[in-house]
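Structure record follows, encoded as structure tokens.
Letters go in sequence order (proteins before strands), and every chain restarts at 1. Only heavy atoms go into these numbers, but all of them, side chains included; no hydrogens, no water, no symmetry mates.
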Amino acid sequence: MLSEQELQRRESLKKLIELGINPYPADEYPVTHHATDILQHFSDDQPQEFASVSLAGRIMSKRLMGKAAFFDLKDATGKIQIYFQRDQICPTDDKTLYNEVVKKHIDIGDFIGIKGYVFRTQMGELTVHVHTFTFLSKALRPLPIVKVDAQGQVHDAFTDPEQRYRMRYVDLVVNPHVKDIFIKRTRIIQAMREYFNSFGYLEVETPILQPIPGGATARPFITHHNALDIPLYLRIANELYLKRLIVGGFEGVYEFAKNFRNEGMDRTHNPEFTGMEIYVAYKDYHWMMQFTENLLEHVTKAINNGSTQVLFGKHTIDFKAPYPRITMYEAIRRYTGIDISGMDEDQLRQTCHQLHIDVTPEMGKAKLIDAIFGEKCEPHFIQPTFIIDYPIEMSPLCKKHRHDPQLTERFELIVNGKEIANAYSELNDPLDQRQRFEEQLRLSQRGDDEAMFIDHDFLRALEYGMPPTAGLGIGIDRLTMLLTGQTSIQEVLFFPQMKPEQFTTAPKTDTWAHAGIPAEWIPLAQEAFGSLDTMRSLKPTQVHQQLNGLRKKKKLTIPALQLSEVEAWFTQN
RNA sequence: GACUCGGUAGCUCAGCAGGUAGAGCACAACACUUUUAAUGUUGGGGUCCUGGGUUCGAGCCCCAGCCGAGUCACCA
């Protein structure tokens with residue numbers, strides 16, 4: 001089963017142990033420097049500043065030169081070359097440590113710690129001359145070997161997406177640019193948090209397991225709580241809980257929330273994703289637009305050395321505030337020449353036909369308008385643009401427009417043809433909110449299984465009074481894609497969802513279970529006999545005694561076996 | 001869900017009329033005291049995704065399935 005190289009590494013492991021070297025020591029390894037500290041701060045005039053350094057990391061390449069050897073050591077900050085000299089490592093006649101351990105048993109992928117001094121080789125490369133080294137962890141599997149030549153050309157890159165996503169740990173080790181994306185992702189979140197905190201808004205946590213999945217239109221995951229004996233849903237959004245907190249008197253609350261939606265997966269959808277939502281009392285959507293453009297300017301500067309420009313594909317996108325505002329009807333008029341503002345459902349349906357947009361009978365006004373906008377307008381907005389004033393049917397949680405009851409005070413921020421943020425003057429009129437929910441209920445009876453449930457507790461909260469509030473939601477994964485130039489969501493999630501892998505070498509506990517052996521005895525039987533066949537080659541009385549013996553030895557509380565039970569294991573298949 | 005493409009050594013890939021599987025890197029052995037995609041010589045390494053079928057013979061052709069990628073549909 002094991003490959004040749006895996007067997008060789010296991011052999012190396014044995015040899016190390018025979019030589020008295022612990023391949024997996026428990027001791028702390030004190031590190032004084034990281035690779036980039038040395039590369040950035042070493043000066044040829046002042047080599048004594050790096051006369052004694054200690055580093056730890058993974059071996060990434062080996063170049064053996066007889067009595068000298070050059071390896072690359074990679075730590076969290078980068079790679080540095082290290083140099084072993086035989087007679088330095090082995091001052092006496094016994095050259096084993098160099099000839100055997102350094103040359104043969106340190107493999108690419110192993111973690112070692114080194115102590116030595118920094119110098120520059122004849123080739124001009126900064127290098128750590130190793131005095132002593134310590135095994136920190138032996139790698140039993142070979143890493144993919146990715147080489148970069150003098151021209152910066154990458155050879156034999158580890159590129160298969162399936163393997164990269166399934167074994168992200170390997171991807172991160174051998175593809176340094178992958179790590180950069182995730183570091184940027186974290187910085188984006190940090191910059192947002194800084195910005196919100198600078199206003200004094202409070203970061204909060206709200207339930208993931210919800211009895212009613214509210215705040216968005218999406219199919220939820222469902223699970224079951226045993227003690228309460230009720231179904232619970234994994235949240236599709238946290239909106240309704242954050243608004244309850246505004247009712248409770250907080251002036252600004254926000255949460256970075258994992259949301260879950262039981263829908264299709266593709267390069268822009270993962271079943272779990274991160275949404276940031278923020279709610280601020282006494283504000284409206286105009287205020288929120290300014291807040292949003294300033295936020296994004298702040299974030300792009302924070303991750304971009306102060307620049308607001310981001311290169312995405314062939315577009316340079318500039319996040320410098322302010323961004324243009326255009327109403328939804330205007331946008332549709334601009335790109336289709338059609339004014340849909342007064343249309344009813346039938347007229348909209350006709351307009352869709354006229355524009356060659358596919359529609360289904362379940363689609364109400366909201367979905368029809370959304371289809372026209374999504375199809376004909378959205379792709380045209382490359383630079384950040386606020387689309388404002390959405391039709392009322394599309395936005396059941398949004399306040400009616402102050403000048404036009406057919407519209408709502410809502411905006412979406414479109415960048416590179418995609419929605420990146422969604423915000424409202426939040427609906428705080430409890431009677432209006434109840435009507436909107438009921439409208440949604442009618443939609444769901446029509447067959448739209450994504451229409452919202454009615455959340456009576458949320459309505460009760462509104463009846464106690466919610467101040468006027470502006471709310472904003474931003475998809476963190478998609479924002480990260482945009483700001484890191486990635487076209488697929490899998491590239492900005494450490495562990496994107498995939499079909500489970502089939503392991504051919506999976507432990508075969510089921511063969512024991514098949515033979516009728518109770519689950520609590522299987523580990524003991526495996527320990528005592530290894531395989532089912534071995535066990536069956538013995539007499540039932542022997543098996544009975546050995547297993548009960550093990551039980552006693554391990555002081556287990558499971559009931560002792562009866563001989564009759566054990567005998568039954570020998571007859572079943 | 002539909003269509004297209006892919007799955008061969010640890011990694012990246014090649015393979016042909018259907019005739020016992022190939023390269024580079026990696027690995028092993030030897031040489032080499034400053035190399036850098038180190039080099040030279042020699043060598044080992046394969047369930048060609050799985051299961052059926054056609055055939056004297058299948059990595060290759062046919063059927064079914066699994067996994068992934070892309071496009072579309074659905075979906076925020």
Side-chain angles (χ1 to χ4, degrees), chain A residues 1-9 11-12 60-72 79-89 98-99 103-104 107-109 119-127 129 139-167 170 174-175 215-219 236-237 259 261-271 273 275 358 360 362-363 367 370-371 374 378 394 412 418-422 448-450 473-475 477-478 487-490 496 498-502 504:
Chain A
M1 264 309 152
L2 293 178
S3 71
E4 187 189 30
Q5 292 191 47
E6 288 174 290
L7 292 170
Q8 279 162 359
R9 281 169 183 245
E11 275 305 307
S12 269
M60 296 304 287
S61 77
K62 292 175 71 177
R63 292 178 292 280
L64 300 179
M65 294 279 306
K67 291 175 201 160
F70 294 88
F71 295 1
D72 286 341
K79 266 191 225 176
I80 190 162
Q81 179 167 268
I82 62 175
Y83 173 59
F84 293 87
Q85 198 182 34
R86 189 188 69 185
D87 297 332
Q88 177 87 58
I89 299 289
Y98 180 78
N99 285 339
K103 284 174 80 172
K104 296 185 183 169
D107 286 310
I108 291 175
F119 74 111
R120 198 179 284 280
T121 64
Q122 288 176 8
M123 302 299 289
E125 177 146 352
L126 279 179
T127 301
H129 187 122
L140 295 182
R141 286 176 187 259
L143 284 173
I145 305 296
V146 180
K147 292 197 171 183
V148 182
D149 65 22
Q151 286 77 46
Q153 196 97 55
V154 177
H155 299 266
D156 300 322
F158 179 63
T159 51
D160 178 25
E162 176 167 7
Q163 295 203 69
R164 288 184 47 232
Y165 303 154
R166 288 196 194 280
M167 299 192 286
V170 174
V174 303
N175 291 328
T217 52
R219 270 193 294 277
I236 55 176
N259 295 322
R261 298 189 183 175
N262 204 344
E263 291 168 348
M265 292 163 56
D266 58 34
R267 68 183 193 294
T268 56
H269 296 83
N270 194 63
F273 64 97
D358 291 335
T360 58
E362 310 87 66
M363 291 169 81
K367 291 223 164 189
D370 200 23
E378 211 171 35
M394 295 177 69
E412 288 194 356
K418 309 252 166 48
E419 173 209 331
I420 216 71
N422 184 16
D448 182 345
D449 58 1
E450 292 185 347
I474 294 182
D477 309 287
R478 294 194 185 166
T487 54
S488 129
I489 199 169
Q490 285 84 0
M498 299 188 88
K499 276 220 182 186
E501 198 175 351
Q502 296 297 324
T504 48

- Query: Is the phosphate of B/U34, meaning OP1 or OP2, less than 4.0 Å from a side-chain N or O of A/Gln85?
  - Reply: no
- Ignoring backbone atoms, test whether A/Arg267 places a side-chain nitrogen or oxygen under 4.0 Å from the OP1 or OP2 oxygen of B/U71. yes
- Item | Residue pair A/Lys67 / A/Tyr98: nearest heavy atoms and the distance that separates them | C-OH, 3.2 Å
- Of A/Ser488 and A/Gly264, the one whose nearest nucleotide on RNA chain B sits closer to the 5' end is A/Ser488
- Measure from CZ on A/Phe84 to C1' on B/U33 and round the result to the nearest Å. 15 Å
- Nearest-0.5 Å distance that lies between atom CD in A/Glu412 and atom CD in A/Glu378: 7.0 Å
- Message: Please verify the inter-ring angle class for A/Tyr83 with A/His129; under 30° counts as parallel, over 60° as perpendicular, anything in between as tilted.
- Response: perpendicular
- Message: Under 3.5 Å for both donor-acceptor distances, Watson-Crick or wobble: does B/G57 have a partner, and if so which one?
- Response: none
- Task: Find the distance A/His269:NE2 to B/C72:C1' and express it as a whole number of Å.
- Result: 14 Å
- To the side chain of A/Gln163, which of B/U34, B/U33, B/C11 is closest? B/C11
- Message: Between P on B/U33 and CG on A/Asn99, what's the gap in Å once rounded to a whole number?
- Response: 12 Å
- Task: Report the residue (A/Arg478 or A/Gln490) whose heavy-atom-nearest nucleotide on RNA chain B is the more 5′ of the two.
- Result: A/Gln490
- Neighbour count above 12 (heavy atom, 6.0 Å) for A/Arg120 CZ: yes
- Considering every strand shown, what is the Watson-Crick or G-U wobble mate of B/U20 when both distances are under 3.5 Å? none
- Message: Applying a 4.0 Å non-hydrogen cut-off, can you work out what A/Phe71 is touching in the nucleic acid: base, sugar-phosphate, or nothing?
- Response: nothing
- Query: Across the strands shown, which category fits A/Ala157 at heavy-atom distances under 4.0 angstrom: base, sugar-phosphate, nothing?
  - Reply: sugar-phosphate
- How close or far is atom P of B/C67 from atom CE of A/Met167, stated in whole angstroms? 18 Å
- Message: Counting only Watson-Crick pairs (N1-N3 plus N6-O4 or O6-N4) and G-U wobbles (N1-O2, O6-N3), all under 3.5 Å, who is the partner of B/A69?
- Response: B/U4
- Item | Distance, rounded to the nearest Å, where A/Gln5 contributes CD and B/G46 contributes P | 12 Å
- Which atom of A/Gln490 lies closest to which atom of A/Asp266, heavy atoms considered: NE2-O, 3.6 Å
- Query: Contact class for A/Glu378 (heavy atom, under 4.0 Å): base, sugar-phosphate, or nothing?
  - Reply: base
- Message: What is the distance, to the nearest angstrom, from the CG atom on A/Asp370 to the P atom on B/C74?
- Response: 12 Å
- Mind checking the P distance from B/G46 to B/C5? Whole angstroms is fine. 32 Å
- Winner on side-chain proximity to A/Met498, out of B/C13, B/A26, B/A69, is B/A69
- Return the nucleotide paired to B/U50: Watson-Crick means purine N1 to pyrimidine N3 with N6-O4 or O6-N4, wobble means G-U with N1-O2 and O6-N3, both under 3.5 Å. B/A64
- Query: Which whole-number value in Å describes the distance from A/Arg141 CZ to B/A9 C1'?
  - Reply: 15 Å
- Any chance you could list the contact pattern along nucleotides 35-40 of chain B? Use B for base contacts, S for sugar-phosphate-only contacts and - for none, protein heavy atoms under 4.0 Å, 5' to 3'. BBBB--
- Please determine, for B/A28, whether a Watson-Crick or G-U wobble partner exists with both distances under 3.5 Å, and give it or none. B/U42
- Query: Taking the side chain of A/Asp160 as its heavy atoms from C-beta onward, which of B/C67, B/U12, B/A28 lies nearest to it?
  - Reply: B/U12
- Message: Both distances below 3.5 Å, Watson-Crick or wobble geometry, any strand: find the nucleotide opposite B/A14.
- Response: none
- Query: Can you name the closest pair of heavy atoms from A/Thr121 and A/Gln81 and give their distance?
  - Reply: CG2-NE2, 3.8 Å
- Looking at every strand, decide which applies to A/Phe273 at a 4.0 Å heavy-atom threshold: base, sugar-phosphate, or nothing. nothing
- For A/Lys104, report the nucleic acid contact type (base, sugar-phosphate, nothing); a contact means any heavy atom under 4.0 Å. sugar-phosphate
- C1' atoms of B/A21 and B/U8, separation to the nearest Å: 9 Å
- Message: When you compare the side chain of A/Pro144 with that of A/Val170, does any pair of heavy atoms fall below 4.5 Å?
- Response: yes
- Task: Could you check how far CD of A/Glu4 sits from C1' of B/A29, rounded to whole Å?
- Result: 12 Å
- Task: Describe the nucleic acid contact of A/Arg120 in one word from base, sugar-phosphate, nothing, applying a heavy-atom distance below 4.0 Å.
- Result: nothing
- Counting only distance, no hydrogens or angles, is the base of B/G68 paired donor-acceptor with the side chain of A/Glu162 under 3.5 Å? no
